[in-house]
Amino acid sequence: MSAEEDKTFLDYRILGLLGSILIIVSEFIPWLSSFTLINIYLLSLGADVLSAYLYLFPLISGVICLMGNLIILKRPNFKLNSVIINIIGLSFLLLFFFYFIPNEILYLTDAGIGFYCCFTGFILVIIDIMTILVVKE
Amino acid sequence: MEKNIQTIQSPDTINQEFNSPLLKGLMKITPKKYLTEELPYSPTIFIIGLSVLILGAILTALNGQNSFFLFFVDYAEEYVALDTMMRFLSPIFFMINFLSLFFFIELFCRLIFNKKENPKEFLIVLPLTLIPMVLYLGFHFFFIVLALLEIMTFIVIDRIVMIFCQVWSLWLLTYLISVKKELRIENALIISLLLHYGSFTIVLFYLI
């Protein structure tokens, strides 16, 4: 592999890394008015402990995707492992979106910067997965 | 030799990767014997495949869910007549969903990778990839019967089981596409992921 190709591939991997970091960061910035997901989680803890855990799913998802992306940074041969770990991570996020978007966000204008940040991270991780699969080496 | 360099290099890389704990675990829960079997198929495959489809169709009706590829969406009808009609229609939707799954995979394989191999064999074995989702439907039905889904704890458990079964089903689908369509596992994953995330987008818009 030439140095230029190596550099291009490294860029793709950084895309996934950036995506997972965005998903993690979104947990700590406002999703609804001034409430962050961590705020909602702490508020919900008083009412129902386990329903509150749903608000941690983006954080869990981000951490799992980050692990998947770190694996491919460290061992470029482990493409399938990285992709499967990313899929598991994104599944948590999909589940959260299924619950959160229809119930809490009636109009897109209601969503805070956290939502957009998380969604951007989600798209970046998907692009990263596809690129990992398409790139030959 | 130069043209086949990828084929020559890939087995080492694949072997190295398939020795990882994650893929070893996934391979353990993959019914390789049935997925890699070639024509003429043993009656067991037909019986298992048909049972999976019938069971899946019945369970979607009992659970009050509609299927969309690997996703299941609850329909909460307030009117009894509509609910009865949906319960009657959801098994039909399940079958249509299965046929659409086959149709779209065939379409993607032909359009993206120009692969037309074994459509009949693929259709016969395809129901086996739905085994994890049927297991999830059974699990969900068990929770409904015991009225456990009114408790948030069990809703979260139900969702986590769904994630596990979806990933398992997605892996079986990828493996089957790779075997029957003679594609590299990476390319098979591209097709399954296109379907999975495409259907996610559609279901999300439907829910909104």
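Just the heavy atoms: all of them, side chains too, but no hydrogens, waters or symmetry mates, feed the values below. Letters go in sequence order (proteins before strands), and every chain restarts at 1.
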Distance col, row I88(A):CD1 vs L22(B):CG, nearest 0.5 angstrom, shows 6.0 Å
Salt bridge (Lys or Arg N to Asp or Glu O under 4.0 Å) pairs touching residues 21-34 of chain B, sequence neighbours excluded, are none
Separation between OG1 (T174(B)) and CG (L133(A)), nearest 0.5 Å, reads 9.5 Å
Practice task
Using a 4.5 Å cut-off on heavy atoms from C-beta on, say whether the side chain of H196(B) contacts that of L94(A).
Solution key: yes
Separation between CZ (F200(B)) and CZ (F97(A)), nearest 0.5 Å, reads 6.0 Å
If one checks every heavy atom of I155(B) against chain A at 4.5 Å, the contacting part turns out to be neither
The reported gap from CD1 in I87(A) to OG in S192(B) (rounded to nearest 0.5 angstrom) is 7.5 Å
_Are there over 12 heavy-atom neighbours, none belonging to F68(B), within less than 6.0 Å of that residue's CZ?_
yes
d(L80(A) CG, L26(B) CG) to nearest 0.5 Å is 10.0 Å
Residue from L170(B), V167(B), I160(B), I190(B) scoring the most non-hydrogen pairs under 4.5 Å with chain A is I190(B)
Here the gap from I163(B) atom CD1 to S61(A) atom OG, rounded to the nearest 0.5 Å, amounts to 9.0 Å
From the list L90(A), N81(A), I85(A), L95(A), the residue making the most non-hydrogen contacts under 4.5 Å with chain B is N81(A)
Whatever's closer than 4.5 Å to a heavy atom in chain A on F71(B) counts as side chain
* To do: Take atom CD1 of I112(B) as the centre, draw a 6.0 Å sphere, and report whether it contains more than 12 heavy atoms from other residues, nucleotides or ligands.
  => yes
For this session: Give a yes or no on this: more than 12 heavy atoms of other residues, nucleotides or ligands lie within 6.0 Å of atom CZ of F28(A).
Result: yes
Among residues 120-130 of chain A, those lying within the under-4.5 Å heavy-atom range of chain B are F122(A), I126(A), I129(A), M130(A)
